[in-house]
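In what follows, chains are A, B, ... by sequence order, proteins preceding strands, each numbered from 1.
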Amino acid sequence: MNTILLQVVNPNVNVTSILPEVIVAVAGTLVMIYDCFAPKQKIVTGAISLVGLILATIALFALWSGSYDFANAWNGMVAFDNLRVSFTLVMLFVSAMTILISTVWTEREDVPIGEYHSLLLFATVGMMFMASGNDMVILFLGLETLSLSTYVMAGLRKSDLKSNESALKYFILGSFASAFLLYGMALIYGATASTNITEIAAKIGTANFPALLLAGGAMLLIGFGFKIATVPFHVWTPDVYEGAPTPVTAFMAAGPKAAGFASFLRVFVLGFPVVAGATATNYLHGSWVSALALMAMLTMIVGNVAAILQNNVKRMLAYSSIAHAGYALVGFVGAGVAKTSEARDGAINAVAFYLLTYAVTNLGAFAVVTLLGEKNDRRTEFEDYNGIGFKAPVLSFTLSLFMLSFLGLPLTAGFIGKILVFGPAIQSGEPLLTVMVVVAVICTAISAYYYLRLIVVMFFKERLTEWTEPKIPITLATVLIITVIGVFGLGLFSDRVLSIFKTSPTATKAQLK
Amino acid sequence: MNYITENLLTILILLPVFGAISVLGHSMFWKNESQAKWITLFWVVVNFVISLLLFGSSQLSANGFYFEKNVPWIEAINTNYHVGVDGLSFWLVILTTFIMPIAIISTWGAVEKRHTAFYVFLLLLESAMIGVFVSLDLLVFYLFFEASLVPMFFLIGIWGGANRIYSAVKFFIYTALGSLLMLVAIIALYYIYAAKMGTAGTFDYVLLVNAAKLGNLDLVGTTGTLLFFAFALAFSIKVPLFPVHTWLPDAHTDAPTAGSVILAAVLLKMGTYGLMRFNFTLFPEASREFAPIFITLAVIGIIYGALVAMVQTDVKRLVAYSSVSHMGFVILGMFSFTEQGMQGALYQMLNHGVSTGALFLLVGFIYERRHTRAISDFGGLANSMPLYATLFVFTAMSSVGLPFLNGFVGEFLIMLGMWKSHALTITSSVNWNYVATMFAGTGVIFAAVYLLWMIQRVFFGKITNAKNKGLSDLSWREIGLLAPLLFLMVYMGVYPTPFLNKAKETVVSIQQRVVGGEKGGSFEKAEVKTENQLKH
């Protein structure tokens, strides 16, 4: 009792441990203040945002390779492990790329640029806390910070009815999911008397009311399932993604999804482990693993089959993002059934790596789609891509490359990502999981149809109407260069990134000592 | 020179990639696409010449491969860039580098648009094909296997015939589905190795086979069966084995001539090569157990392909269906599990590459002149194009299997092997191996029927269509293109020994592995052995 009281009175405030988050938050505030006095300075606000994100990345690396003792930072509310670092890296990358991609769109349309940039940064802060929070309260705060920012971002194109619809839909359904999530957290707290993930994992074997665990787990599953858009909680995705401005869609498909996965993994894989002899806990573990395996299969099937039927490229990419959440879930389930902690961490890294490959590919694809979309995203139907292949060879070939990476073809990032997430599930040897992987590869073959369709319309069809290649602005060219290098680099020389993901901060610390 | 021989296979894989970059660079800076074909030709000829160094001596590595190279690639998943050739892959690599210059020259005047991209894709395709035959790491093998799809997809899709989009997508999805299941099996092997050996997992073929030979991997029962079929499906689609052959006629018909030639000569061989290399050595038990299925499907494929070829109205489609029939023979020979049958299968792979490649070239020549391939549009071509008719008949004879031409040797060996085989049950009243051989034998007769009937309708009789009157006979380029193939048809038909000798050692070792006996054993021996083991 005494120690708890002491902690409350004298909390372990350690700003260094959340330095990256703080930097991004400060950058966001700076942008907001600057915008008040000198509105619409997109170069300045954009630069501040980018610098903030880059500094945060540097801080992340510095923290991670230095020797710090963060065991009790914020009384254990902040985590300092692989999961945080690898996912945060993905999120910072996504945000920085989004800012670059947005330049085309903000130039074309009248966008309140200061608000946009600060919202994006606050969303990033929220995402980062979703990866770094080791307490369900922090996770929820992060999630809400993220969600509120993205609700607004989805509706930024104020005069467009579709954008408004998108924002409202996202808001209503998102709040509903947040309520589920919060209720689930409350029930877990009821069962274990703690909101700290590490403590929950320690106490879960001797929970007060085992039934609460199950109900709470189910609620959390629904809440997180909504946030990462898994079937059957995916229905909002296509409408929201189609209606939102294209760069925002790119952001939502890659960033918040990675953040959702980070929290989801932390709560379920690290918080609800198998405890020898505890029937109720193991029942919870068994049921969430099989529930997620089923959800993964459904997600892949529905996402891929629905994507085939789309005639709009943005909508196709929305469904494809649902399908990719399914593939990442395969790795998630693999992490859930891992027998050793190394295997578990390996699987978590695999999911993070998969989301990184997806983010790289996705942002590259959306960069091209944004550029070709013209004002108000008028040109996003498949027909609009007819025969542009040799008229705009650079754009078309890079877009084709991204499609092949989505498909998981060798030499691209997507291939290594797929191998890594399928591995742990195959390793377990359980029939359900093997079936899940087989479903995953069959779905991949199905997905060839719609990914190739874009290549087909671009290269194999003839253009009948007049069309001139749009100029590629320097920011977008940067994005394309980075993502193309990323796709090949992660496909051919993934060793480096994988070893970064693999080296845990504590291990680095031990080496230094 | 030393450096070249040490890294020979890597050079063979990378040279076309450099070629592709140079073609791309050339047309970007000089804005002149007409020279793309010359640059491409230069690179593929250089690659062919370098590939001849394979004939030179090299240290036989401890793993039984020549020109072996093994360097780490992605250490996190313990995969290595491991390449090497042996008797099985040797001729296939040579066939690839040999057929490429011919394919390139065949397109000399035929490409009407996007020259640069066309030749870039051809060069990338060559690189992927060589990679498939030499990789000894399952993941690297898979990588090349899949990578070969993309250039072919574009070749069919952009420069193909009327139905090109449908054919290209069908080709891609069919092959991708099979190979993705193989990917699952490859990852499963990795973890099985890790679990059974208590070390890190591996994708290395040599390590896996060695462990499997010692019985350490326990690849029998359900696991073995599932893995066997995951591999076999991928390869069967590629071969293509009846009933998963339907992508082939479409892809062949709509591909440009160079694409068809490469598809027939090399891409199909990836399937038969894979079956022999991976299925037979990793899963011999399952291979023996399910041989009857494959033999049955092969025989059905031989007869079905021939019968369907007979009723085709399009010459190219006819040749495509004849491929289904011929590749059925290859499967039949392999699954006879006799030395003759397997040698014959390997030989027939080369034969099919030469003969069918030549047939597609010949069809391409007439298509360039008349822009049609319908049999009914022709008739009496022998009057206007006597040389063309002669060479066409000659090539068709090689495809049918006339003695002293290459097809005969392969088919004879396959049937001999199947006749002696114990792969199917032998009861006191019926030896099913005989039955299978006899049914397969009808395929040869059917082949004569459909090819000769087509030749009769196309070349003989009076010229009925006025457009066929003024056709020019073969040019020197076209003759030069066919000459090496015609020479090989005769040479391989008269003196097959050097080809067979080169492959013998590897084929025998694979055969011994798959039948499970010590010395070129047979099924009876393997079964006797297990009975003896039971007694102990």
Side-chain angles (χ1 to χ4, degrees), chain A residues 343 346 349-350 353 389-390 393 397 400-401 404 407-412 415-416 418-429 431 434 437-438 440-453 455-461 490-502, chain B residues 24 28 72-77 79 113-114 116-117 124 128 131 139-150 153-154 156-160 164-166 168-170 172-192 194-195 201 203 222-223 226 230:
Chain A
N349 292 337
F353 185 83
F390 289 100
F397 273 107
S400 306
L401 175 72
L404 296 178
L407 185 51
L409 225 66
L411 300 175
T412 64
F415 174 61
I416 306 288
K418 282 225 167 73
I419 288 188
L420 287 173
V421 289
F422 291 168
I426 296 176
Q427 188 181 15
S428 77
T434 313
V437 176
V438 171
V441 296
I442 291 174
C443 285
T444 309
I446 293 174
S447 73
Y449 181 79
Y450 60 87
Y451 290 133
L452 293 183
R453 186 173 163 204
I455 301 180
V456 165
V457 295
M458 284 194 300
F459 287 101
F460 302 175
K461 293 222 167 125
L490 294 176
L492 285 171
F493 311 106
S494 47
D495 231 11
R496 227 187 141 67
V497 178
L498 281 173
S499 69
I500 290 175
F501 278 21
K502 207 175 173 181
Chain B
L24 210 57
M28 261 167 82
W73 176 38
I74 305 176
E75 280 172 30
I77 48 175
T79 173
K113 54 178 182 186
R114 322 273 178 229
T116 311
L124 294 179
L139 203 65
V140 178
F141 170 78
Y142 177 82
L143 188 150
F144 284 119
F145 195 76
E146 283 280 88
S148 67
L149 282 184
V150 180
F153 172 70
F154 277 102
I156 299 175
I158 300 180
W159 296 275
R164 60 183 200 275
I165 294 176
Y166 169 80
V169 173
K170 191 173 179 181
F172 194 101
I173 293 182
Y174 243 99
T175 348
L177 177 66
S179 46
L180 278 163
L181 287 171
M182 179 171 75
L183 178 65
V184 177
I186 289 174
I187 301 176
L189 275 177
Y190 176 88
Y191 285 111
I192 288 175
F203 291 114
T222 321
T223 323
L226 287 177

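- Distance CD1/Ile74(B) to CG/Leu498(A): 7.5 Å, rounded to 0.5 Å.
- Between atom CD1 of residue Ile158(B) and atom CD1 of residue Ile455(A) there is a gap of 10.0 Å, rounded to the nearest 0.5 Å.
- Atom OH of Tyr449(A) has 12 or fewer neighbouring heavy atoms from other residues, nucleotides or ligands inside a 6.0 Å radius.
- The shortest non-hydrogen separation linking Trp73(B) to Gly491(A) is CZ2-O, 3.8 Å.
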Could you check Leu139(B) against Phe415(A) for side-chain contact (heavy atoms from CB on, under 4.5 Å), going step by step and ending with a plain yes or no? CA-CA 11 Å; Leu139(B) 203 65; Phe415(A) 174 61; 4.1 Å; yes
Which is it for Leu183(B) and Val441(A) under the side-chain contact (heavy atoms from CB on, under 4.5 Å) test, yes or no, and what are the steps along the way? CA-CA 9 Å; Leu183(B) 178 65; Val441(A) 296; 5.5 Å; no
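- For the atom pair CD1 (Ile419(A)) and CD1 (Ile186(B)), the distance works out to 8.0 Å, reported to the nearest 0.5 Å.
- For Tyr166(B) and Phe460(A), the gap between ring centers reaches or exceeds 6.0 Å.
- With a 4.5 Å cut-off on non-hydrogen atoms, Ala168(B) touches chain A through its side chain but not through its backbone.
- With a threshold of 4.5 angstrom between heavy atoms, Leu177(B) approaches chain A through its backbone and through its side chain.
- Taking all atoms of both residues into account, the shortest heavy-atom contact from Ile173(B) to Ala445(A) is CG2-O, 4.0 Å.
- Listed options Leu409(A), Val437(A), Leu407(A), Leu404(A) were ranked by heavy-atom pairs under 4.5 angstrom with chain B; first place goes to Leu409(A).
- Neither the backbone nor the side chain of Phe145(B) comes within less than 4.5 Å of any heavy atom in chain A.
- Between Phe154(B) and Phe397(A), the ring-plane angle classifies as tilted under the 30° and 60° cut-offs.
- Rounded to the nearest 0.5 Å, atoms OG1 (Thr444(A)) and CG (Leu180(B)) are 5.5 Å apart.
- If you measure heavy-atom distances from Ala230(B) to chain A, you find no contacts under 4.5 Å at all.
- For chain A, no part of Tyr174(B) is nearby; none of its heavy atoms comes within less than 4.5 Å.
- Both the backbone and the side chain of Tyr142(B) come within contact range of chain A, judged by heavy atoms closer than 4.5 Å.
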